[in-house]
Amino acid sequence: MPLLASLSTRFASQRPFEGLGIAACLHVTAETATFVRLLRAGGAAVSLAASNPLSTQDDVAAALAVRHGIAVCARAGVDRDGYYAHIARALEPAPDLVVDDGGDMVNILHTHYPALLPAVTGGCESTTTGVVRLRRMAAEGALAFPVIAANDTPAKRMVDNTCGTGQSAIDGILRATNTLLAGKTVVVAGFGASGRGVAERARGFGAQVIVTEVDPVRALDASLRGFRVLPMAQAAPLGEVFVTASGSCDVIAAEHIAVMRDGAILANAGHFDVEIDVRALAALAAGIRRDVRPHTDAYDLPDGRAVLLLAEGRVVNLVAAEGHPPEVMDLAFGIEALALAWLAGNSGKLAAGVHEVPDQIDAEAARLVLGTVGTSIDVPTPAQQAYLESWRQGS
Ligand code: ADE
């Protein structure tokens with residue numbers, strides 16, 4: 001992760017987080033470990049909880065705690081209570097800044113620990129689901145501090161949501177099932193940045209891809225990119241692999257499962273485990289065979305069909321695979337680290353609410369990444385710069 005390495009040198013001398021406590025709620029992966037160590041190099045005291053009950057890489061959590069002295073509260077496979085208890089524990093040091101992935105830490109802070117809110121000067125949110133939740137909080141006047149929507153920069157969306165989720169979701173499905181995608185019908189629910197990545201990568205493997213959407217503009221986008229667009233009720237009997245990436249709930253519901261083909265594979269690439277109605281699936285099933293392969297449960301239906309559910313309906317790329325590769329997280333966490341340093345330097349100047357990452361941070365991160373891979377780009381000439389800034393010149 002060369003960008004984080006170069007920022008580590010910078011932060012070690014500039015110490016942007018000197019004296020500050022940062023509580024992070026992130027998938028506890030090797031890439032996250034590099035990120036939290038960067039924050040510490042910048043002077044922060046970091047506490048870390050997991051942002052999903054199943055996504056923690058236990059060896060990474062142990063190494064961070066034992067070798068690097070980071071306060072980690074995470075273990076793979078905790079139940080719901082344990083998951084929230086870990087987040088609460090990571091908040092105990094009363095943080096100055098928070099870094100969230102999905103909005104659970106910010107939510108718990110506001111709903112269970114309001115006494116900690118006055119000390120929090122800001123936060124950063126890493127994912128679409130979290131930004132959507134924060135905007136709803138802000139609209140209700142419920143968000144007590146400024147949060148930077150690190151998810152929303154063009155570079156992050158392109159590299160993380162589209163390339164990262166596209167590759168790592170397929171990676172999780174292949175590790176869990178060892179299935180051949182070529183020639184299969186893959187149904188992708190949702191054509192946002194992540195769903196588009198999954199659809200494009202599945203097509204790259206030779207699958208016939210159907211997209212389902214509720215947003216007409218996204219549906220049009222999918223259609224113009226050559227995907228077949230259908231309502232889920234029509235896609236359900238056709239699909240052999242289903243991947244949800246919609247950010248919504250019950251996208252695959254009982255009526256869809258009822259008409260699926262024998263052996264259909266169900267995977268979720270969205271942040272929360274709400275997209276596939278797992279309760280309905282369990283209610284329909286005559287029996288469940290757990291772990292027929294790692295992270296694959298077979299649900300036997302009374303008519304003899306079986307449906308395979310991956311990762312218990314949780315985010316398949318982090319549970320059945322290792323999440324996005326380091327190159328992706330280098331840029332995503334690089335943007336987040338620069339945004340946090342900017343936030344720390346502007347403490348008290350931003351109003352409570354959701355804020356965009358300043359454009360220059362996105363450009364700086366992309367430029368640094370290009371530098372690390374030895375790619376250089378053109379610089380506008382003075383005449384080009386003047387032209388781009390002027391409205392007077394026509395043809
Ligand atoms: N989100 C997606 N992939 C990730 C990874 N490798 N580490 C942390 N968060 C992630």
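Every number for a ligand or one of its atoms is a count from 1 in the order of the listing.
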Leu26 near ligand 1 by a heavy-atom separation under 4.0 Å: no

Check: Glu31 N/O within less than 3.5 Å of ligand 1 N/O: yes

Check: Asp101 N/O within less than 3.5 Å of ligand 1 N/O: no

Contacting atoms of ligand 1, where contact means under 4.0 angstrom from a heavy atom of His27: 1 (N), 8 (C), 9 (N), 10 (C)

Backbone or side-chain N or O of Asn317 under 3.5 Å from ligand 1 N or O: no

Residues Asp362, Arg157; criterion salt bridge (Lys or Arg N to Asp or Glu O under 4.0 Å); working and verdict: CA-CA 11 Å; Asp362 205 32; Arg157 268 178 199 266; over 6 Å; no

Side-chain donor-acceptor pair present, Tyr83, Asp104, cut-off under 3.5 Å: yes

Protein residue, atom and distance nearest to atom 8 (C) of ligand 1, heavy-atom basis: Thr32 OG1, 3.1 Å

Modelled atom types, side-chain donor and acceptor of Asn151 and Asp160, under 3.5 Å: no

Protein contact to atom 7 (N) of ligand 1 [nearest heavy atom, distance to 0.1 Å]: Thr29 OG1, 2.6 Å

Check ion pair Glu200-Arg196 (N to O, under 4.0 angstrom): yes

Closest protein heavy atom to atom 9 (N) of ligand 1, given as residue, atom name and distance to 0.1 Å: Met329 CE, 3.6 Å

Shortest protein contact, atom 3 (N) of ligand 1 (heavy atom only): His324 N, 2.8 Å

Where at least one partner belongs to residues 266-280, residue pairs that pass side-chain hydrogen bond (donor to acceptor under 3.5 Å, both in side chains), sequence neighbours excluded: Thr244-Asn268, Ser246-Glu275, Asp273-Arg314

Contacts of Arg261 that satisfy salt bridge (Lys or Arg N to Asp or Glu O under 4.0 Å) - sequence neighbours left out: Glu240

Any donor-acceptor N or O pair under 3.5 Å, side chains Glu336, Ser126: yes

Ligand-side contact atoms (ligand 1) for residue partner Glu322, heavy atom cut-off under 4.0 Å: 6 (N)

